[in-house]
2 protein chains.
Amino acid sequence: MVIKVFIVDDHYMVIEGIRSLLQNEKSIEWMGHAMNAASCMAFLQQQQPDVILMDINLPDMSGIDLCKEVKMKYPSIHIIGLSSFNQQSFIQKMLDNGASGYLLKNATREELVYAIETVIEGEIFLSDEVELTVQKNEDSKIPIITRREMEVLLLIADGLTNNEIAIKLFISTTTVDTHRKNLLAKFEVKNTASLIRMAAQIQLIPYIKPKN
Amino acid sequence: MVIKVFIVDDHYMVIEGIRSLLQNEKSIEWMGHAMNAASCMAFLQQQQPDVILMDINLPDMSGIDLCKEVKMKYPSIHIIGLSSFNQQSFIQKMLDNGASGYLLKNATREELVYAIETVIEGEIFLSDEVELTVQKNEDSKIPIITRREMEVLLLIADGLTNNEIAIKLFISTTTVDTHRKNLLAKFEVKNTASLIRMAAQIQLIPYIKPKN
DNA sequence: TATAAAATCCTGTTTTTAGGGGATTGTTTT
DNA sequence: AAAACAATCCCCTAAAAACAGGATTTTATA
């Protein structure tokens, strides 16, 4: 049985690299690629692969969210997260959202093929290095914040004060203050500067600054 | 005349992708790859390519430094910086260190080939999107801050208060406050959150957080 | 050597955040 | 059904940052 593989990545060179690596694998069928979340979803309406290799950074949506959406509509598709970085927080989120594995972009052909074969069996695959990190970082800080906290965080990053945020979210200023306190506690920092820095570094804050 | 190309990148998939993209180009000869700065330098002792495609992120040394080193010893080699991100600060540093071009990893085969051909002619090549960024940022706000303001900015990002910064720099708290005010003015923001966000986004703040 | 720019310091006031306590109402999850 | 979590709200105090308006000295640079 041939495993049908599809890839979602906005880097042409990575797509080409994976295609090239899988070219001579007789057990794997290359279904094509998408360079963003929207065209991925469009493709899936026509055909369903067995495995999707999915970059965590996409131009229109994070791979983490796309993963969730795909698994919601097509639970039988196995998703392998793909990224350059060995970041536990992303890996965890991908897995939480239904991904079956996580592969670093410096993986070899053998790893790639093995990953695909593993997730098809219903098992979880993680890159060697990733597993190490997961272990190492287990005890360290990967703040898990709630949806509301995330909203507040983004508005803080946009430069709004507690009062302005309260008005925008139709809640009391004291509530905003509580969310803010919880954010500081979860990130284990003592002020806004460190909070925003950390959040920016773990890519919680979108790069393009929305006006006002 | 055949252009000899070598690549330095720690992502196997990217190496493979570029190799695959250049495979059928008769005017280009693939010399091989290195996955870190050390083996790149070792390779160059044996053979010299005409063009090196060099990732800015390498495990043992930044591409920016490696670029400088290579150009020092082998001035005739043309270097094209390679990265996933469209970050003006890196691009500028690569060019300052002697690189002849900058290519994003989502470049097409045509762009890649054109880039190689362009730098061989002694010209500078920049990805379309990169040029846009350079242009866009030209007239827009790239705040020019002084050395002292930079020091203060980094300490703010580290979570220090004005008072703590004052102690660390052996200056008065009011001076720190003045620097801070100037930073806010130069960045055209009204609070620390926005300041740190912007600074992080234009890569003014180092990624690895130094302890304390 | 003017002149500009950078770095230093000051006195105020107002606004915002941080830190310490709570508490209530829903909604998941076990 | 109980426990845990999320979201909401409150009080109070202290610390920090933002805003306004200065000034002096040192260091580049035209």
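Values below: every heavy atom of this structure, side chains too, minus hydrogens, waters and symmetry copies. Residue numbers start from 1 in every chain, and the chains themselves are labelled A, B, ... in the order their sequence lines are given, proteins ahead of strands. On a predicted model such as this, the values are computed, not experimentally measured, just so you know.
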*asked:* Quick one, A/T173 with A/N163, criterion side chain to side chain donor-acceptor pair (under 3.5 Å). Give me CA distance, side-chain angles, the key distance, then yes/no.
replied: CA-CA 5 Å; A/T173 305; A/N163 194 36; 3.2 Å; yes
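Rounded to whole Å, atom P of C/dT17 lies 11 Å from atom CD1 of A/I196. Between A/I156 atom CD1 and C/dT17 atom P the separation is 8 Å, expressed in whole Å. Atom-to-atom, CZ of A/R180 to P of C/dT15 comes out at 17 Å; the value is rounded to the nearest Å. Residue A/L183 contributes atom CG, which lies 12 Å from atom P of D/dA6 at whole-angstrom precision. Atom pair B/I145:CD1 and C/dA5:C1' shows a separation of 15 Å (rounding to whole Å applied). Here D/dA20 presents its C1' atom at 17 Å from NZ of B/K190, a figure rounded to the nearest Å. To the nearest angstrom, C1' of D/dT13 lies 13 Å from CG of A/D177. We find that CG of A/L184 is positioned 14 Å from P of D/dA16, with the value rounded to whole Å.
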What pairs of nitrogen or oxygen atoms, one from the protein and one from nucleotides 6-9 of chain C, lie under 3.5 Å apart?
unit_1 : atom_1 : unit_2 : atom_2 : d
C/dA7  : OP1    : B/R148 : N      : 3.4
C/dA7  : OP2    : B/T146 : OG1    : 2.2
C/dT8  : OP1    : B/R148 : NE     : 3.1
C/dT8  : OP1    : B/R148 : NH2    : 2.8
C/dT8  : OP2    : B/R148 : NE     : 2.9
C/dT8  : OP2    : B/H179 : NE2    : 2.9
C/dC9  : OP2    : B/S172 : N      : 2.5
C/dC9  : OP2    : B/T175 : OG1    : 2.7
C/dC9  : O5'    : B/T175 : OG1    : 3.3
C/dC9  : N4     : B/T178 : OG1    : 2.8

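Classification of B/K105 and B/D9 as a salt-bridged pair holds, one side-chain N sitting under 4.0 Å from a carboxylate O. The pair B/K186-B/E149 meets the salt-bridge criterion, with a side-chain N (NZ, NE, NH1 or NH2) lying under 4.0 Å from an Asp/Glu carboxylate O.
Mapping B/K181 and B/T192 onto DNA chain D by nearest heavy atom places B/T192 closer to the 5' end of the strand.
The heavy-atom pair separating B/P49 from B/V5 by the smallest distance is CB-C, 4.4 Å.
Inter-residue side-chain proximity for A/L153 and A/H179 is flagged as unmet; no heavy-atom pair is nearer than 4.5 Å.
Taking OG1 of A/T175 as the reference point, atom CD1 of A/I165 lies at 12.0 Å (rounded to 0.5 Å).
Within 4.0 Å (heavy atoms only), B/N191 reaches sugar-phosphate atoms of the nucleic acid but no base atom.
Applying the 6.0 Å contact sphere to NZ of A/K73 captures no more than 12 heavy atoms from other residues, nucleotides or ligands.
Taking side-chain N and O atoms only, A/N162 has no distance below 4.0 Å to OP1 or OP2 of C/dT16.
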